[in-house]
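Contents: one structure, followed by commentary.
This is a predicted model, so every value here is computed, not measured.
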Protein chains: 4
Amino acid sequence: MPAEKRRAGRPPATLGKRDVILDAALRCFVERGFHGTSMPDIAERAGIAAGTIYHYFPSKEALVNTLFRTWKAEIAQRVFAAFPQHAPPREQFAIMWRTMADFALKHRDAFAFLELHHHTTYLDGESIAVDRNLKDFAHGIVRRAQADGLLKPVDPNLLMELVFGAFNGMMAAVYDARITLTPAAIAASDEACWDMVSV
Amino acid sequence: MPAEKRRAGRPPATLGKRDVILDAALRCFVERGFHGTSMPDIAERAGIAAGTIYHYFPSKEALVNTLFRTWKAEIAQRVFAAFPQHAPPREQFAIMWRTMADFALKHRDAFAFLELHHHTTYLDGESIAVDRNLKDFAHGIVRRAQADGLLKPVDPNLLMELVFGAFNGMMAAVYDARITLTPAAIAASDEACWDMVSV
Amino acid sequence: MPAEKRRAGRPPATLGKRDVILDAALRCFVERGFHGTSMPDIAERAGIAAGTIYHYFPSKEALVNTLFRTWKAEIAQRVFAAFPQHAPPREQFAIMWRTMADFALKHRDAFAFLELHHHTTYLDGESIAVDRNLKDFAHGIVRRAQADGLLKPVDPNLLMELVFGAFNGMMAAVYDARITLTPAAIAASDEACWDMVSV
Amino acid sequence: MPAEKRRAGRPPATLGKRDVILDAALRCFVERGFHGTSMPDIAERAGIAAGTIYHYFPSKEALVNTLFRTWKAEIAQRVFAAFPQHAPPREQFAIMWRTMADFALKHRDAFAFLELHHHTTYLDGESIAVDRNLKDFAHGIVRRAQADGLLKPVDPNLLMELVFGAFNGMMAAVYDARITLTPAAIAASDEACWDMVSV
DNA sequence: AATGAATGAGGCTTCATTCAT
DNA sequence: GATGAATGAAGCCTCATTCAT
């Protein structure tokens with residue numbers, strides 16, 4: 001859940017019920033996917049009755065979409081907030097990489113849900129629009145760095161997809177315990193990905 | 001479907017019914033996922049009755065697992081077959097990259113199914129074992145190239161996950177029409193990923 | 001709602017909440033029937049919370065039964081009050097016909113609810129008893145008029161059912177806008193129905 | 001069920017399953033209304049599993065609409081078939097009255113379902129169109145008889161609604177056992193209703 | 001008195017699977 | 001082998017009703 005929704009220092013038991021539902025749903029969706037998760041599954045994990053979910057969300061689809069949008073906005077905001085507008089591109093890249101890694105380690109379920117699942121069947125138009133935010137932002141940065149001759153002169157979209165793909169692949173391996181994301185590993189992956197895109 | 005599954009003597013124009021089912025299932029699973037696909041969905045796409053599927057596969061789970069193993073084996077075999085055992089690492093990498101891209105372009109559904117979906121809920125032990133094949137193979141290559149001082153001296157798994165992640169991200173973008181995989185783009189992505197892992 | 005149900009001392013401009021509920025329920029039941037109407041439906045139409053209904057009625061069934069009895073009593077009382085005990089039968093009939101038409105035009109929902117719906121599933125014994133009132137009254141009149149040789153000498157129940165059926169059919173058509181009930185039409189239908197039962 | 005759907009002399013046990021469902025649904029709807037009847041209710045009465053209904057009807061609504069249209073068409077056809085095109089109006093009326101009474105006695109549930117319930121919430125456009133048939137037919141007859149000076153010179157719709165209303169009221173009383181429809185009663189009601197509309 | 005969150009049973013419908021033909 | 005009718009469990013969602021505030 002985005003931090004501002006919880007009061008700092010509160011035990012999770014006193015989360016608003018809406019957030020409890022979102023949390024439970026997130027964990028279920030990550031484990032079994034949208035279609036593999038039933039509303040009773042979510043209710044059980046949230047410790048409430050199945051009918052209660054419908055006081056907060058009109059449907060299962062509305063629930064996933066809320067989840068998707070909330071967390072997409074959250075991660076985008078973190079990257080935007082941390083981004084050093086006037087630093088050199090190499091540093092910008094490093095900050096972005098670390099910010100994303102921080103997020104993906106702190107909110108494993110959220111990141112796995114957002115990036116490691118196919119959502120096409122049930123996401124609505126607005127959710128898809130929200131998804132563009134981060135990529136449009138990255139796209140602009142790539143173009144400018146290319147203009148400065150720092151990045152490889154190829155389709156900026158290709159560079160972006162390679163970088164985000166590498167990041168996602170790395171995180172998937174972390175979640176499956178095939179690798180461990182030590183600070184050294186973060187530094188190494190940052191370095192490797194910069195080498196991938198820079199000239 | 002890999003050709004060797006057809007019974008000899010059958011006219012090749014008519015795929016065996018078993019393969020028709022596997023094809024139909026593959027397309028359904030890619031579009032809507034395992035849990036989002038019903039047996040009647042598959043039957044309809046295959047142009048047969050729902051009950052007929054059970055003459056070839058004992059259950060829906062057996063069907064996905066067969067699909068997964070068949071295609072995993074297929075892609076692994078292609079990479080193994082194309083791999084130039086005695087060429088220099090840079091060329092080995094390039095060949096592997098192109099072989100995978102060829103496959104992923106030719107068998108979009110199969111690749112999307114294998115790499116872009118979460119299978120954890122329904123894959124059985126044997127399928128998971130098959131999945132290791134390609135990665136173990138790559139792991140060995142990475143270790144040897146590192147010993148030669150050609151690759152970055154970091155966790156070989158990390159390098160592998162970054163490379164495969166980048167590849168998957170690229171292909172996902174291709175399937176979503178965010179980029180086009182021209183020969184030039186293949187060459188550029190090959191180059192970029194080699195830069196990512198090499199010293 | 002019949003006026004006598006309001007508590008004295010309440011400003012007449014604001015219907016008592018009990019009556020607001022009865023009104024809202026009446027309209028819902030007419031539109032969608034008892035089983036097709038939910039308590040939240042009623043609450044929404046009444047502009048109150050769903051729980052509030054239970055301060056005035058112990059259950060949905062109690063609510064319909066109250067509605068039924070209240071309005072059945074109301075219409076019966078109007079007919080009784082208007083009935084000219086010592087006028088000739090033809091005039092008695094005309095008065096009754098007009099009184100019923102007045103009521104059915106003024107309280108469309110109430111009349112439609114009472115006569116145009118099947119209540120058998122949820123009406124309790126007392127409500128069914130109330131229903132007999134008007135029919136018993138009419139039955140007595142028919143018998144006396146038959147004894148005077150004014151009405152056809154057939155089963156008095158048959159005559160009654162024909163007359164009330166014709167009236168209900170006419171009103172159903174009015175509510176569906178298939179006919180308009182002008183004073184002339186009321187006179188014509190009165191005349192026709194008298195011709196139906198008289199010798 | 002319309003007669004032509006059953007083979008003569010066959011025990012009802014061999015009715016097609018589709019007809020078994022329609023029969024069961026008819027009885028349920030008559031007793032408890034559309035919204036008061038659940039699909040499991042219908043299935044139980046039909047002696048089948050709930051899911052089986054969906055092999056024959058795509059939804060509960062489709063089921064009622066089929067029921068409505070089938071029976072409306074059936075009764076209309078009977079009246080049309082029996083109607084003596086060239087007989088004098090008085091005889092035409094008598095035939096129609098008897099034909100309807102025959103039908104309503106033989107197919108109590110069907111008649112009660114068609115005429116004694118409010119269907120507005122769930123009937124689709126086509127069903128409503130089918131409903132017009134009989135009434136349009138009657139309307140034409142009324143107009144012609146009025147032109148001949150045989151019927152009261154008032155709104156033909158009013159006359160029709162009175163007659164059909166009287167008929168429905170009579171049948172409702174029959175079904176509730178408040179009256180018995182002997183041949184004498186049929187004759188008497190025919191006579192009474194003719195007196196209602198004729199000059 | 002009034003609210004509306006909460007419940008859990010039940011309604012409509014879908015689905016994996018079986019089996020008689 | 002092939003079919004598709006049949007099943008009944010399970011899924012999404014609604015609803016009458018209760019109860020803490």
Is there a side-chain contact between [X] and [Y] in this structure, where contact means two heavy atoms from C-beta onward sitting under 4.5 Å apart?
X	Y	result
D/Tyr175	D/Phe111	yes
D/Glu44	D/Pro40	no
D/Phe29	D/Val64	yes
A/Lys72	A/Glu115	yes

- Task: Under 4.0 Å between any heavy atoms, over every strand shown, what does C/Phe57 touch: base, sugar-phosphate, or nothing? Just pick one.
- Result: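 Since no nucleic acid heavy atom lies under 4.0 Å of C/Phe57, the category is nothing.
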- Intra- and inter-strand pairing of DNA chain F, written as dot-bracket with Watson-Crick and G-U pairs under 3.5 Å and | for the latter, reads .||||||||||||||||||||
May I have the distance from [X] (atom [atom1]) to [N] (atom [atom2]), rounded to whole angstrom?
X	N	atom1	atom2	value
A/Ile48	E/dA5	CD1	P	13 Å
B/Glu44	E/dT14	CD	C1'	14 Å
D/Arg18	F/dG4	CZ	P	18 Å
D/Ile53	F/dG8	CD1	P	13 Å
D/Leu63	E/dT13	CG	C1'	14 Å

- Measure from the side-chain N and O atoms of C/Asp131 to the backbone N and O of C/Ile128, and report whether any donor-acceptor pair falls under 3.5 Å.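 Here the side-chain-to-backbone pair does not exist.
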- Identify which one of B/His118, B/His35, B/His117 satisfies the ring-ring contact (aromatic ring centres under 6.0 Å, His included) criterion when paired with A/His117.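 So the option named by the test is B/His118.
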- Message: Filter on side chain to side chain donor-acceptor pair (under 3.5 Å), then keep only pairs touching residues 53-66 of chain D, sequence neighbours left out; what's left?
- Response: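 Sorted result for residues 53-66 of chain D: D/Asn65-D/Ser127.
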- Classify every nucleotide of nucleotides 11-21 of chain F by which part a protein heavy atom approaches to under 4.0 Å, writing B for the base, S for the sugar-phosphate alone and - for neither, in 5'-to-3' order. SSBBSSBB---
- Looking only at side-chain atoms of C/Ala49, point me to the closest of F/dA2, E/dA2, E/dT3.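 Ranking F/dA2, E/dA2, E/dT3 by closest atom to the C/Ala49 side chain puts E/dT3 first.
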- Query: Would you say a side-chain N or O of A/Thr52 is under 4.0 Å from OP1 or OP2 of E/dA5?
  - Reply: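 No, A/Thr52 has no side-chain N/O under 4.0 Å of OP1/OP2 on E/dA5.
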- Query: Is the shortest side-chain N to carboxylate O distance from A/Glu74 to A/Arg69 below 4.0 Å?
  - Reply: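 Answer for the salt bridge query: no.
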- Aromatic contact, C/His119 with C/Phe113 (centres under 6.0 Å):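 For C/His119 and C/Phe113, the ring centres are under 6.0 Å apart.
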